[in-house]
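We're numbering straight along the sequence, starting at 1. Everything quoted here is computed from the prediction, not taken from an experiment.
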Amino acid sequence: MTNARLLWVDDEIDLLNVHIIFLQKKGYEVTTCSNGTDAIDLCRQRSFDLVLLDENMPGLSGLETLAGIKAQQPDVPVVMVTKNEAEDLMDQAIGSQIADYLLKPVNPMQILLTLKKNIHQREILTEVTQTNYRQEFMQIALATDDSSTPSQWKELYKRLVRWELQLAETDGAMDDMLRSQKEEANLAFAKFIRKNYESWLTERPKGLVLSPDIFKTQVFPRLTAGKKVFLLVLDNFRYDQWRCLAPLLAPDFDIDEDLYFSILPTATQYARNAIFAGLMPLQIKEMYPELWVDEEEDEGKNLNEESLIRSQLQRYRRRESFIYNKVNDSAQADRLLPTLRTLGDTPLCVLVINFIDILSHARTESRMVRELAGDEAAYRSITLSWFRHTAVRDLFAALAQTDRDIIITTDHGSIRTGEPSKVIGDRNVNTNLRYKLGKNLSYNAKEVFEMRDPRRFFLPAPNLSTTYIYATGSRFFAYPNNYNHYVQYYRNTFQHGGISMEEMMVPLVTLHPKHR
């Protein structure tokens, strides 16, 4: 079986017989020629997996030959082999999209290495990554059983996401194994939340930051130190999505990365308002009733964010001025960019971007969007494409030229739903698929985390008998009426509101522009 088909172009090809025999013994089919014209003709007649190209030849130069080869086979990797160490030649070759650059004299193992890098990288990556994950599988399982602190759970979740991203670059053979391990971890995480969440609300253990703590722990200390802050809240932003964006920001920023815990319910009305108010939902309702909107009301649930920020600043007797903006689409982002130049010395700038949440809901409602974001990897890919090709990328380029600390965070994440969990309630029960509140709810208590006394969890209770319930693992709530249609429609959609690592442990990142 042939490993790959190679074309080696060199005006002294006869002197390379030892190298060619070595490659043939390794299973490579090697075609040779001694000039650029013949090389281009060969590429016109048949396809190759890689071309080794001498730079200095009579007739067509290496760079001219490279252009001709690319005209025939645009995707074939070309490795430049040359005695010329001139930097400008390296720049021209790299600018012409060569795959590698080798200096003569080359030895056979150098050639073999560049073949592995440019032809066999994915299969080697697949084999090594999958082997390493199998070896670490039991360690992760043990860590799942042993994690008993917020910090341990954060490290476990980061570990799972790291493997998820690495395995996404392979052939997918380990996907089911990892998905099963994440589901087990999420069920264990739900038990951890059941046991500890209520106590967290009155006493924060080490390593724990909740939604109402963001300003107090991240924003105010920087303002006190005389720094200017840009707080960016990306609605419904998960840690795996952040890890995809991070490499694009690394050239311009030094990055401090952490996770914090979203409060329950992991929904905008509760978690994002808690961030901006610095209070739990019940406290907001009692202290600022005009700024809280109950579930059953038709009014938008996140229309008072600027007022909540102002109330928090006043409550902490902070005198800093601030600017608040919200962006729902690219056109609004385009209009926002010019205003960055007018920020001046304004100490605090807050920007909310809703794209990822809009994408999540659009994927549920639109068959076309659901196909485009068919799985976790595709969902991340769309997020990455959005970042690269909208004004948001330009926003970060502009921020990189400022002297601000940029804090990136979110109100909650989301989870891809799996199995349904039946729930029965009256017509006033809210529509969210991952949490429900109401009176006289009927459900399987083993599949949910229930709050029968919401006030103990600092949550509003529209009625004396109101109960909050949260889906755990990847479950979602389904009504018995028209059950099969409902389940088919909502299974494998991205939802939030309940208890999972993806929903509750979310990015808390600080960027420092490198130009400083």
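- Residues Ser211 and Ser262 come closest through the heavy atom pair OG-CA, 3.4 Å.
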Going through the distances and angles, do Asp258 and Lys154 end up as a salt bridge (Lys or Arg N to Asp or Glu O under 4.0 Å)? CA-CA 9 Å; Asp258 199 0; Lys154 287 194 293 184; 3.2 Å; yes

What do the steps show when you test Ser474 against Glu183 for side-chain hydrogen bond (donor to acceptor under 3.5 Å, both in side chains), and what is the final call? CA-CA 7 Å; Ser474 61; Glu183 180 68 10; 3.1 Å; yes

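- With Arg46 contributing its side chain and Leu42 its backbone, the two residues share no donor-acceptor pair below 3.5 Å.
- A heavy-atom distance below 4.5 Å is not found between the side chains of Asp49 and Val76.
- For the residue pair Gln139 / Arg159, a side-chain donor-acceptor distance below 3.5 Å is found, with atom types taken as modelled.
- Here the side chains of Asp411 and Phe237 are not in contact, with every heavy-atom distance at 4.5 Å or above.
- One finds no salt bridge joining Arg179 and Glu164 here, because no Lys/Arg side-chain nitrogen approaches an Asp/Glu carboxylate oxygen to under 4.0 Å.
- Looking only at side-chain heavy atoms (C-beta outward), Ile255 and Thr510 stay at 4.5 Å or farther from each other.
- The backbone N or O of Ser61 lies less than 3.5 Å from a partner atom in the side chain of Glu64, making a donor-acceptor pair.
- Between atom OH of residue Tyr489 and atom CG of residue Leu433 there is a gap of 10.5 Å, rounded to the nearest 0.5 Å.
- What you find for Thr383 and Gln241 is that their closest heavy atoms are OG1-NE2, 3.0 Å.
- With a 6.0 Å radius and a threshold of 12 heavy atoms from other residues, nucleotides or ligands, Gln121 has its CD atom at or below the threshold.
- Annotation: Phe22 is not in aromatic contact with Trp8 [ring centroid separation under 6.0 Å not met].
- A heavy-atom distance below 4.5 Å is found between the side chains of Leu115 and Leu23.
- With ring centers used as reference points, Tyr28 lies 6.0 Å or more from His19.
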Does the side-chain hydrogen bond (donor to acceptor under 3.5 Å, both in side chains) test come out yes or no for Gln495 and Thr417, once each step is laid out? CA-CA 7 Å; Gln495 304 292 336; Thr417 57; 5.8 Å; no

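- The residues Glu184 and Lys191 are annotated as not salt-bridged, no charged nitrogen and carboxylate oxygen being separated by less than 4.0 angstrom.
- Ring orientation note: the planes of Tyr157 and Tyr239 are tilted relative to one another, at an angle of 30° to 60°.
- Considering only heavy atoms from C-beta on, Leu52 stays 4.5 Å or farther from Leu7 through its side chain.
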Decide yes or no on side-chain hydrogen bond (donor to acceptor under 3.5 Å, both in side chains) for Asp100 and Thr114, but give the supporting numbers first. CA-CA 7 Å; Asp100 210 343; Thr114 198; 2.7 Å; yes

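- Remark: side-chain polar atoms of Glu503 are paired, donor with acceptor, to backbone N or O of Gly498 under 3.5 angstrom.
- In this structure a side-chain-to-backbone donor-acceptor pair under 3.5 Å is present from Arg434 to Arg475.
- Aromatic ring centres of Tyr197 and Phe261: separated by at least 6.0 Å.
- In this structure, CD on Gln130 lies 4.5 Å from OG1 on Thr170, to the nearest 0.5 angstrom.
- Side-chain contact check for Val233 versus Arg272: some heavy-atom pair is nearer than 4.5 Å.
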Go through the steps to decide whether Ile353 and Leu232 satisfy the test side chain to side chain contact (heavy atoms under 4.5 Å, CB included), and finish with yes or no. CA-CA 8 Å; Ile353 297 181; Leu232 174 60; 3.7 Å; yes

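- The structure places CG of Leu248 at 6.0 Å from CZ of Phe387, a figure rounded to the nearest 0.5 Å.
- Of the possible polar contacts, one joining the Thr409 side chain to the Pro507 backbone as a donor-acceptor pair under 3.5 Å is found.
- Side chains of Asp256 and His512: a donor-acceptor N/O pair is present below 3.5 angstrom, by distance only.
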Passes side chain to side chain contact (heavy atoms under 4.5 Å, CB included), Phe476 versus Thr493? Steps please. CA-CA 10 Å; Phe476 66 100; Thr493 62; over 6 Å; no

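- The CG atom of Leu156 sits 6.0 Å away from atom CE of Met501, with the distance rounded to the nearest 0.5 Å.
- Cation-pi geometry between Lys436 and Tyr443 is not met at under 6.0 angstrom from the ring centre and within 45 degrees of the axis.
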Trace of the side-chain hydrogen bond (donor to acceptor under 3.5 Å, both in side chains) decision for Glu257 with Trp242: CA-CA 10 Å; Glu257 176 188 289; Trp242 156 249; 2.7 Å; yes

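- Looking at heavy atoms from C-beta onward, Ile407 lies out of side-chain contact with Phe230 at the 4.5 angstrom threshold.
- By the 4.0 Å N-to-carboxylate-O rule, Arg243 lies too far from Asp240 to be salt-bridged with it.
- Separating the OG1 atom in Thr129 from the CZ atom in Arg134 is a distance of 10.5 Å, to the nearest 0.5 Å.
- Residues Ile356 and Asp235 approach most closely at CB-O, 3.5 Å, considering heavy atoms.
- A 4.5 Å side-chain heavy-atom check between Leu508 and Leu259 finds every atom pair outside the cut-off.
- Between Asp405 and Arg222, at least one side-chain N (NZ, or NE/NH1/NH2) sits under 4.0 Å from a carboxylate O, which counts as a salt bridge.
- Residues Gly497 and Asn432 approach most closely at CA-OD1, 4.2 Å, considering heavy atoms.
- In this pair, Phe137 and Tyr133 present their aromatic rings perpendicular. The plane angle is above 60°, beyond the 30 to 60° band.
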Val81 vs Asp54, side chain to side chain contact (heavy atoms under 4.5 Å, CB included): CA-CA, chis, key distance, verdict: CA-CA 5 Å; Val81 186; Asp54 184 19; 5.5 Å; no

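- Heavy-atom minimum distance, Ala185 versus Trp153: O-CH2, 3.5 Å.
- Summarising the geometry, atom CG belonging to Asn107 is positioned 9.5 Å from atom CG belonging to Leu102; distances are rounded to the nearest 0.5 Å.
- Looking at Asp213, its side chain does come within 3.5 Å of a backbone N or O of Leu210 through a donor-acceptor pair.
- Considering Lys182, Arg416, Arg238 as possible partners of Glu502, the one that fulfils the salt bridge (Lys or Arg N to Asp or Glu O under 4.0 Å) test is Lys182.
- No donor-acceptor contact under 3.5 angstrom links the side chains of Asn302 and Thr268, judged on distance only.
- Using modelled atom types, one finds a donor on one side chain and an acceptor on the other under 3.5 Å when comparing Ser148 with Gln152.
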Can Leu395 and Leu351 be said to form a side chain to side chain contact (heavy atoms under 4.5 Å, CB included), step by step? CA-CA 11 Å; Leu395 166 68; Leu351 174 62; 3.7 Å; yes

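- For Glu450, the CD atom is densely surrounded, since the number of other residues' heavy atoms within 6.0 Å is greater than 12.
- Salt bridge absent: Asp171 and Arg122 never bring a charged side-chain N and a carboxylate O closer than 4.0 Å.
- Of all non-hydrogen atoms in Asn118 and Ala99, the two that sit nearest each other are OD1-CB, 3.3 Å.
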